[in-house]
Asks: 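Just passing along the structure, written as structure tokens.
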Amino acid sequence: MFCTNCGSSLDDNVKFCRMCGTPVQRAAGQIDENVTPVGAQPVDFQTNAQPADYQTEQGWDARAEEYLAQTSVEWNKTEQNQKKPRKWKKWVIIGGSAAAVCIAVGVTFLVAGARIRNFFNSMKSPEDYYRIVESDYIDSRGKLMLNAYNLGAKTVHADSSRELNVRFKMNPMLQTMLNSFANNSITGNSGIDFSKFSDIEFHSRIGAKDMSELAAIGDITINGERLIDYKTYSNLSTGESFISFPMLSAAFLKIDGKNAFSDMGSFETARQLVQAIPDDDTLERIVERYRDIALSGINNVTKSSGSLTVGSVSQDCTILEATLTGNDLNNIIKNCLTAMRSDEELRVIFDRLSDLYGYQDMTYDKLIEMLLNDLDRTGINSDIDNVKLLVYVDSEGDVIGHRINLAYGLDTCEILLGMPVSGSEFAFEFSVNESGDYTEYVTGSGTIKGDIITGDFSIGDDPTDITVIGVENFDLKALSKGKLCGSFVYNLPSDIMGGVKLRLDIDTDMTDVTGKLSLLYVGEPLASLAFDAHECDYPIECVPTPADKVYDSSVSAEVQEYLNSLNIDTWIQDVRERIGIDFSFIKDSFLPDNSNHGFGGDYVE
């Protein structure tokens with residue numbers, strides 16, 4: 001007799017299968033009345049549902065005791081049966097192990113999907129892997145630039161307002177130096193006491209409306225006391241600007257902004273240029289299109305193991321080397337130009353800029369056809385023999401460097417951009433070496449911990465004239481999100497101020513900015529300039545009304561009237577009493593002799 005569930009051999013007198021526990025199904029007339037027929041209420045092992053009499057604690061115990069009593073005899077009959085592995089247990093173990101492996105692989109893909117994809121992609125052809133890693137590299141760097149571009153564009157386009165605060169502090173050493181310089185016979189003995197200028201603050205709120213109107217209010221304080229305040233309003237459409245100093249006069253001075261922006265034509269031109277700039281999504285689509293076209297034209301790729309070495313740091317990697325002839329480059333460029341014919345997004349950008357700068361004679365279609373004809377006639381460069389593109393890929397599939405080698409006749413050009421990492425050490429180099437002469441050179445080295453780098457970067461092509469910039473706690477992860485966080489230290493040339501450094505601490509996403517610029521001498525700050533800018537709620541104000549007196553700066557007689565309206569003498573006396581600083585030199589140095597200095601002005605507190 002055999003079990004109807006698992007097929008195991010059964011003795012005639014057993015009521016349950018010793019392998020799977022299924023009640024024994026006997027021939028008609030031999031069914032045990034104490035056993036539930038198989039067809040009546042089957043045990044569902046997949047859902048763990050039990051027959052009705054198993055649903056109570058008493059029913060379960062009774063069945064369990066009967067089952068164990070009967071099967072214990074069968075399982076202990078012989079030594080062989082006692083040691084024989086149970087088939088169901090083996091399959092449960094195998095199935096459980098397989099499930100665990102599947103879960104582990106699934107979690108791995110979720111946690112490190114890009115790394116796993118690059119691993120499997122590396123087993124494809126060198127050309128496929130080249131396109132994969134380069135696409136990832138271009139996308140990540142392109143996204144970084146687009147983030148910064150988009151944040152900047154939003155800041156320019158925004159109607160929201162900004163609040164700007166700047167605080168300048170001098171230590172006693174710098175104050176003494178400035179007093180010595182300003183108050184001697186050689187410099188004219190200005191009589192200014194710089195010890196009074198220990199703490200100067202600038203506050204302003206700026207509002208923008210569709211990049212057509214700008215307005216600002218602000219003030220300057222010294223040692224916590226207000227020195228002067230101002231109001232400005234500009235209309236970018238007309239180019240007119242107005243400024244007022246309420247503490248000196250209630251009147252406005254009108255300034256023609258068109259003259260200041262004569263190269264642009266007018267403020268309106270500047271506004272139109274801002275509006276012509278495409279959004280980041282449009283630029284990203286354009287980059288993706290022509291990235292794919294360019295990479296599809298690279299077919300001669302080899303893959304090898306090697307290393308990228310910069311300075312004293314070397315990192316093992318996979319080297320992908322693509323070789324392009326002049327004809328290959330021509331084909332890539334031709335394919336890009338052909339795609340540009342029907343690229344409506346590029347066409348819109350071109351038409352906007354063409355209308356703005358008056359290039360109506362050169363249409364988009366005419367430009368593309370001209371470039372294609374030139375390419376067919378002369379090629380990209382008849383002197384180029386070949387181009388080698390080397391890409392260095394680390395064990396995780398990330399690009400850590402590029403090298404481009406150009407050969408044209410007897411001349412060569414090598415461009416290197418790389419940053420290998422070994423442990424916590426990194427090195428960086430960007431160089432353009434044309435026939436043995438470096439035309440641009442940037443090197444750096446230091447430590448990297450997680451996403452934070454600290455080190456020194458040298459800029460210059462002449463070893464005797466190199467600018468060194470120290471970098472501290474620069475956050476690469478924040479940079480990938482469009483933020484700039486870290487510190488930069490610049491050594492001023494020794495012939496200017498020996499031993500003096502400039503230090504910039506910055507944290508910005510182009511919308512909100514917090515930073516500090518310090519002048520250091522032997523590690524101590526001589527002066528510091530702390531600043532912050534953030535969004536605020538400031539509507540467009542400061543617009544002159546018909547009731548306001550406005551003087552035109554383009555008319556000399558009105559300028560004279562405006563100067564006469566300034567309540568200078570009263571202001572000088574007030575500042576002298578409140579702050580202890582005498583600004584009489586302003587009246588003597590900057591105002592005309594025939595100015596009455598404010599007899600007609602109003603003091604506005």
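Owing to the predicted nature of the structure, the values given are computational and were not obtained by experimental measurement.
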Asks: Got a second to check how far Leu476's CG is from Phe426's CZ, nearest 0.5 Å?
Replies: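 That separation rounds to 8.5 Å.
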
Asks: For Arg578 and Asp574, what are the C-alpha separation, side-chain angles and deciding distance, and is it a salt bridge (Lys or Arg N to Asp or Glu O under 4.0 Å)?
Replies: CA-CA 6 Å; Arg578 288 188 298 108; Asp574 176 64; 2.8 Å; yes

Asks: Mind checking ring-ring contact (aromatic ring centres under 6.0 Å, His included) for Tyr230 and listing every partner two or more places apart, or none if nothing turns up?
Replies: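 Scan of Tyr230 (ring-ring contact (aromatic ring centres under 6.0 Å, His included), adjacent residues dropped) gives none.
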
Asks: Check for a donor-acceptor pair, side chain of Glu163 on one end and backbone N or O of His534 on the other, with a separation under 3.5 Å.
Replies: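 No, the answer is negative, given that no donor and acceptor are paired below the 3.5 Å cut-off.
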
Asks: Does the Glu558 side chain pair with the main chain of Asp552, one donor and one acceptor, at a distance under 3.5 Å?
Replies: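 Yes, Glu558 side chain to Asp552 backbone: donor-acceptor pair under 3.5 Å.
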
Asks: Tell me, please, which residues at least two apart from Asp532 pass side-chain hydrogen bond (donor to acceptor under 3.5 Å, both in side chains).
Replies: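 Result, side-chain hydrogen bond (donor to acceptor under 3.5 Å, both in side chains) vs Asp532: Asn165.
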
Asks: Can you name the ring-ring contact (aromatic ring centres under 6.0 Å, His included) partners of Tyr233, sequence neighbours left out?
Replies: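 Tyr233 satisfies ring-ring contact (aromatic ring centres under 6.0 Å, His included) with no other residue.
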
Asks: If you define the side chain from C-beta out and look only at heavy atoms, does anything of Tyr562 sit under 4.5 Å from Lys549?
Replies: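 They are not in contact (no side-chain heavy atoms under 4.5 Å apart), so the answer is no.
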
Asks: Check the pair Glu429 / Tyr441 against side-chain contact (heavy atoms from CB on, under 4.5 Å), numbers first and verdict last.
Replies: CA-CA 7 Å; Glu429 178 176 336; Tyr441 200 69; 4.0 Å; yes

Asks: With sequence neighbours left out, what residues match Asp548 under side-chain hydrogen bond (donor to acceptor under 3.5 Å, both in side chains)?
Replies: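 By the side-chain hydrogen bond (donor to acceptor under 3.5 Å, both in side chains) rule, Asp548 matches Thr545.
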
Asks: Which pair of non-hydrogen atoms, one from Leu416 and one from His402, has the smallest distance, and what is that distance?
Replies: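 So the minimum-distance heavy-atom pair works out to CD1-O, 3.3 Å.
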
Asks: Supply the atom-to-atom distance Asp398 CG to Ile400 CD1, rounded to the nearest 0.5 angstrom.
Replies: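 Rounded to the nearest 0.5 Å, the CG-CD1 separation comes out at 9.0 Å.
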
Asks: Assess the residue pair Met419 and Val310 against the criterion (side-chain contact (heavy atoms from CB on, under 4.5 Å)); give the C-alpha distance rounded to whole Å, side-chain angles, the decisive distance to 0.1 Å, and a yes or no.
Replies: CA-CA 7 Å; Met419 181 176 163; Val310 173; over 6 Å; no

Asks: Could you grab the distance from atom OG1 of Thr221 to atom CG of Asp219, nearest 0.5 Å is fine?
Replies: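 Answer for the OG1-CG pair, Thr221 versus Asp219, is 6.5 Å.
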
Asks: Quick one: salt bridge (charged side-chain N to carboxylate O under 4.0 Å, His left out) partners of Glu284, sequence neighbours excluded?
Replies: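 With neighbours one apart ignored, the set is Lys143.
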
Asks: Only counting residues at least two apart or in another chain, list the ones meeting salt bridge (charged side-chain N to carboxylate O under 4.0 Å, His left out) with Glu345.
Replies: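 Glu345 satisfies salt bridge (charged side-chain N to carboxylate O under 4.0 Å, His left out) with Arg285, Arg289 only.
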
Asks: Could you report the tightest heavy-atom contact between Ser135 and Leu295, atom names first, then the distance?
Replies: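 Answer, listing the atom of Ser135 first, then Leu295: OG-CD1, 3.3 Å.
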
Asks: Can the ring centres of Trp571 and Phe583 be said to be less than 6.0 Å apart?
Replies: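 That pair passes the under 6.0 Å test.
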
Asks: Taking all atoms of both residues into account, what is the closest heavy-atom pair of Ser244 and Ser249, and its distance?
Replies: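 In this case the closest contact between Ser244 and Ser249 is OG-O, 3.7 Å.
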
Asks: Which heavy atom of Thr309 sits nearest a heavy atom of Ser314, and at what distance?
Replies: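 Heavy-atom minimum between the residues: OG1-OG, 3.0 Å.
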
Asks: Under a plain distance cut-off of 3.5 Å, with no hydrogens placed, do Ser234 and Ser241 share a side-chain donor-acceptor pair?
Replies: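 Yes, a side-chain donor-acceptor pair sits under 3.5 Å.
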
Asks: Scan the side chains in residues 442-459 for donor-acceptor partners under 3.5 Å anywhere in the protein, sequence neighbours excluded, and list what turns up.
Replies:
unit_1	atom_1	unit_2	atom_2	d
Thr454	OG1	Asn473	N	3.2

Asks: Answer yes or no: is there a donor N or O on one side and an acceptor on the other, between the side chain of Ser431 and the main chain of Asn433, under 3.5 Å?
Replies: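 No.
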
Asks: Between Val421 and Val313, is there a side-chain heavy-atom distance shorter than 4.5 Å?
Replies: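 Sidechains of Val421 and Val313: no contact.
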
Asks: Hey, mind stepping through Arg403 and Leu308 against side-chain contact (heavy atoms from CB on, under 4.5 Å) and telling me if it holds?
Replies: CA-CA 10 Å; Arg403 191 187 302 270; Leu308 174 62; 4.2 Å; yes

Asks: Any heavy-atom pair between the side chains of Leu502 and Phe488 that's under 4.5 Å?
Replies: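 They are not in side-chain contact.
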
Asks: Does the side chain of Asp229 reach to within under 4.5 Å of the side chain of Ile217, using non-hydrogen atoms?
Replies: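 Asp229 vs Ile217: side chains apart.
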
Asks: Go through the steps for Asp394 and Gln315 under the test side-chain contact (heavy atoms from CB on, under 4.5 Å), then give the verdict.
Replies: CA-CA 8 Å; Asp394 67 11; Gln315 183 176 357; 3.5 Å; yes

Asks: Which residues satisfy the salt bridge (charged side-chain N to carboxylate O under 4.0 Å, His left out) test with Asp199, sequence neighbours excluded?
Replies: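 With sequence neighbours excluded, Asp199 shows a salt bridge (charged side-chain N to carboxylate O under 4.0 Å, His left out) to Arg167, Lys169, given in chain and number order.
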
Asks: State which residues pass side-chain hydrogen bond (donor to acceptor under 3.5 Å, both in side chains) with Ser556; sequence neighbours excluded, sorted by chain then number.
Replies: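 Per chain and number, Ser556 pairs via side-chain hydrogen bond (donor to acceptor under 3.5 Å, both in side chains) with no residue.
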
Asks: May I ask you to decide if Pro525's main-chain N or O and Asn171's side chain share a donor-acceptor pair within less than 3.5 Å?
Replies: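 At least one qualifying donor-acceptor pair exists.
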
Asks: Compare every heavy atom of Val133 with every heavy atom of Gly397, then report the nearest pair and how far apart it is.
Replies: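 Looking at all heavy atoms of both residues, the closest pair is O-CG1, 4.1 Å.
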
Asks: Compare every heavy atom of Ala251 with every heavy atom of Tyr551, then report the nearest pair and how far apart it is.
Replies: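 Nearest pair, atom of Tyr551 first, then Ala251: CE1-CB, 3.5 Å.
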
Asks: Rounded to the nearest 0.5 Å, what separation is found between the CE atom of Met247 and the CD1 atom of Ile220?
Replies: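 It is 10.5 Å, given to the nearest 0.5 Å.
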
Asks: Can you find a heavy atom in the side chain of Leu417 that is under 4.5 Å from one in the side chain of Phe428?
Replies: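 In contact.
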
Asks: Answer yes if the side chains of Ser487 and Asp505 hold a donor-acceptor pair under 3.5 Å, and no otherwise.
Replies: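 Yes, side-chain donor-acceptor contact under 3.5 Å.
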
Asks: Donor-acceptor pair, distance only, cut-off 3.5 Å: does the side chain of Thr508 make one with the backbone of Leu484?
Replies: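 A pair under 3.5 Å: no.
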
Asks: Under a 4.5 Å cut-off applied to non-hydrogen side-chain atoms, are Ile469 and Val489 in contact?
Replies: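 Heavy-atom side-chain distance check fails, nothing below 4.5 Å.
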
Asks: Report the distance from atom CZ of Arg162 to atom OG of Ser204, rounding to the nearest 0.5 Å.
Replies: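 It is 12.0 Å, given to the nearest 0.5 Å.
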
Asks: Checking Phe430 now: which residues fulfil ring-ring contact (aromatic ring centres under 6.0 Å, His included) with it, not counting sequence neighbours?
Replies: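 Scan of Phe430 (ring-ring contact (aromatic ring centres under 6.0 Å, His included), adjacent residues dropped) gives none.
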
Asks: In Å, rounded to the nearest 0.5 Å, how long is the span from OG1 of Thr232 to CD1 of Ile206?
Replies: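 Between Thr232 OG1 and Ile206 CD1, I get 7.5 Å after rounding to 0.5 Å.
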
Asks: Quick one: do Asp507 and Lys483 make a salt bridge, cutoff under 4.0 Å?
Replies: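 Looking at Lys483 together with Asp507, the answer is yes, because their closest N to O distance falls below 4.0 Å.
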
Asks: One thing to verify: whether Arg347 and Glu344 come together as a salt bridge, which I'm taking to mean a side-chain N less than 4.0 angstrom from a carboxylate O.
Replies: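 Looking at Glu344 and Arg347, the cut-off is met.
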
Asks: Does a side-chain heavy-atom distance below 4.5 Å link Arg205 with Ser161?
Replies: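 No. Closest side-chain heavy atoms not under 4.5 Å.
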
Asks: Checking Ser584 against Asp582: is there a side-chain donor and acceptor pair closer than 3.5 Å?
Replies: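 Yes, a side-chain donor-acceptor pair sits under 3.5 Å.
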
Asks: Return the set of residues passing salt bridge (charged side-chain N to carboxylate O under 4.0 Å, His left out) with Glu472 (not counting sequence neighbours), or none when no residue passes.
Replies: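 Once residues adjacent in sequence are excluded, the partners of Glu472 under the salt bridge (charged side-chain N to carboxylate O under 4.0 Å, His left out) criterion are Arg503.
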
Asks: Can you name the residues that form a side-chain hydrogen bond (donor to acceptor under 3.5 Å, both in side chains) with Gln573, not counting sequence neighbours?
Replies: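 If we apply the side-chain hydrogen bond (donor to acceptor under 3.5 Å, both in side chains) test to Gln573, skipping adjacent residues, the hits are Arg576, Glu577.
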
Asks: Quick one, Leu519 and Val500 - any side-chain contact, counting heavy atoms below 4.5 Å?
Replies: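 Touching, per the 4.5 Å side-chain cut-off.
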
Asks: Does the side-chain hydrogen bond (donor to acceptor under 3.5 Å, both in side chains) test come out yes or no for Asp343 and Tyr290, once each step is laid out?
Replies: CA-CA 11 Å; Asp343 194 326; Tyr290 296 98; 2.6 Å; yes

